[in-house]
Amino acid sequence: MFTAVSSPTHVSELPDDLFEAIATLKRELNAIVLAHYYQDPDIQDIADYIGDSLGLSRKAANTDAEVIVFAGVHFMAETAKILNPNKLVLLPDLDAGCSLADSCPPDAFAAFKAQNPDHLVISYINCTAEIKAMSDIICTSSNAVQIVEQIPTHQPIIFAPDRNLGRYVMEQTGRDLLLWDGSCIVHETFSEKKIVQLKVQHPEAEIIAHPECEPPVLRHADHIGSTTALLQYAQTSHSPAFIVATEPGIIHQMQKEAPHKQFIPAPPMNNCACNECPHMRLNTLEKLYLAMKYRTPEITLPEAIQVAALRPIQRMLKMT
Ligand code: 13P
Ligand code: SF4
């Protein structure tokens with residue numbers, strides 16, 4: 001349906017109306033644009049589907065589109081490719097990685113797994129394809145509890161790579177999990193002290209937090225959940241205001257869904273914008289347009305990894 005062309009060397013040819021140009025390319029390529037909530041508002045607005053990691057995986061598994069343009073980070077686009085080995089999967093910026101995925105190098109994880117051969121391996125989807133290929137079941141923040149609850153209680157479990165989500169799952173299920181010591185640079189940056197100060201200034205606000213946050217922050221949360229769960233809670237709760245302890249990109253959808261409510265981003269420890277994911281924010285509308293125009297950068301994976309990583313993802317999709 002399309003032919004491969006060479007990569008762009010410069011960006012001087014950008015059209016005046018990027019929204020219109022992207023819509024035209026979507027039709028020409030028979031492409032779908034999938035975006036995570038942490039993307040820039042412009043990208044969210046041109047996406048065909050916006051969701052959390054589970055929603056995005058489900059959408060990638062079920063799409064008829066020939067080309068998947070993934071406005072998210074590398075592990076998400078890899079998951080789409082694993083589910084669609086014969087489709088072209090584009091990531092606007094190949095450097096859009098993930099500190100959490102990086103905190104679990106395949107060699108070290110293989111050794112950890114070898115030391116605990118009787119353990120079932122449940123890995124959070126925020127990991128590389130190599131780690132997925134070494135896992136028994138994948139989970140996301142919206143189904144991790146549900147998946148662990150389905151495993152017989154006598155079965156020991158390794159949970160990787162996020163120690164905070166792992167601890168949260170342990171609390172919710174009462175199970176003892178062997179945790180990999182990884183974390184997300186965005187969610188570990190929130191300041192408990194500043195959140196408590198904000199709550200004093202806004203006593204009407206509820207604190208809503210992603211389970212990747214550190215325990216001192218989660219202790220103050222009125223509601224904990226995946227990005228989709230937080231968005232749904234913000235819509236249905238009667239509170240007029242929310243202190244949002246996750247990447248603030250999601251506030252764009254919260255404001256759209258509940259325009260009369262107030263959403264306050266939880267502050268980081270330092271006076272920086274480090275509550276914004278530096279990886280997610282590498283994608284821009286311009287890069288997305290160029291990726292579609294030149295059909296690159298493309299996600300590719302060694303076949304053995306692709307095949308081995310598919311099984312634990314399929315198990316997750318069947319289990320929840
Ligand atoms: P969810 O969207 O699945 O809640 O994950 C958040 C996240 O950190 C994605 O990188
Ligand atoms: Fe990775 Fe954290 Fe960014 Fe999500 S927010 S992509 S876990 S670094």
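Note that ligands are numbered from 1 as they come in the structure, with each ligand's atoms numbered from 1 the same way.
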With a cut-off of 4.0 Å, which atoms of ligand 1 are near a heavy atom of [X]?
X    : value
M76  : 9 (C), 10 (O)
S226 : 4 (O)
N126 : 7 (C), 8 (O), 9 (C), 10 (O)
H210 : 1 (P), 4 (O), 5 (O), 6 (C)
S53  : 1 (P), 2 (O), 3 (O), 5 (O)
S141 : 1 (P), 3 (O), 4 (O)
Y124 : 5 (O)

Tell me whether R311 at atom CZ has more than 12 heavy atoms from other residues, nucleotides or ligands lying less than 6.0 Å away. no
Which residue supplies the protein heavy atom nearest to atom 8 (O) of ligand 1, what is that atom called, and how far is it? E212 OE2, 3.0 Å
Checking a contact table here: which protein heavy atom is nearest atom 7 (C) of ligand 1, and how many Å away? Y38 CE1, 3.5 Å
Heavy-atom contact check, 4.0 Å cutoff: does E212 meet ligand 2? yes
Using atom types as modelled and distance alone, determine if a side-chain donor or acceptor of R175 lies under 3.5 Å from a backbone N or O of I151. yes
Tell me if a side-chain donor or acceptor on K193 pairs with a main-chain N or O of M269 at a distance below 3.5 Å. no
Just by distance, no angles: are the side chains of E192 and H220 close enough, under 3.5 Å, to form a donor-acceptor pair? yes
For E206, is there an ion pair with K199 - N to carboxylate O distance below 4.0 angstrom? no
Identify whether the distance between the nearest side-chain nitrogen and carboxylate oxygen of K26 and D48 falls below 4.0 Å. yes
Which heavy atom in M292 sits nearest to a heavy atom in L29, and how many Å separate them? O-CD1, 3.5 Å
Does [X], backbone or side chain, put an N or O under 3.5 Å from an N or O of ligand 1?
X    : answer
T140 : no
D52  : no
H187 : no

Residue-ligand contact [X]/ligand 1, heavy atom below 4.0 Å:
X    : answer
C184 : no
Y37  : no
H36  : yes

Which residues satisfy the salt bridge (Lys or Arg N to Asp or Glu O under 4.0 Å) test with K194, sequence neighbours excluded? none
M134/F109 under side-chain contact (heavy atoms from CB on, under 4.5 Å): CA gap, chis, key distance, verdict: CA-CA 9 Å; M134 285 186 249; F109 189 70; 4.0 Å; yes
Residues L100, Y124; criterion side-chain contact (heavy atoms from CB on, under 4.5 Å); working and verdict: CA-CA 10 Å; L100 178 53; Y124 186 30; 3.7 Å; yes
Can you list the residues that meet the side-chain hydrogen bond (donor to acceptor under 3.5 Å, both in side chains) rule with D45, with sequence neighbours excluded? H252, K256
Using 30° and 60° as the class limits, which term best fits the ring planes of Y233 and H223: parallel, tilted or perpendicular? parallel
Can the ring centroids of F159 and W180 be said to lie less than 6.0 angstrom from one another? no
Sequence neighbours excluded, the answer for side-chain contact (heavy atoms from CB on, under 4.5 Å) partners of A241 is E204, A205, Q262
Excluding waters, which protein N, O or S atoms are within less than 2.8 Å of atom 3 (Fe) of ligand 2? C277 SG
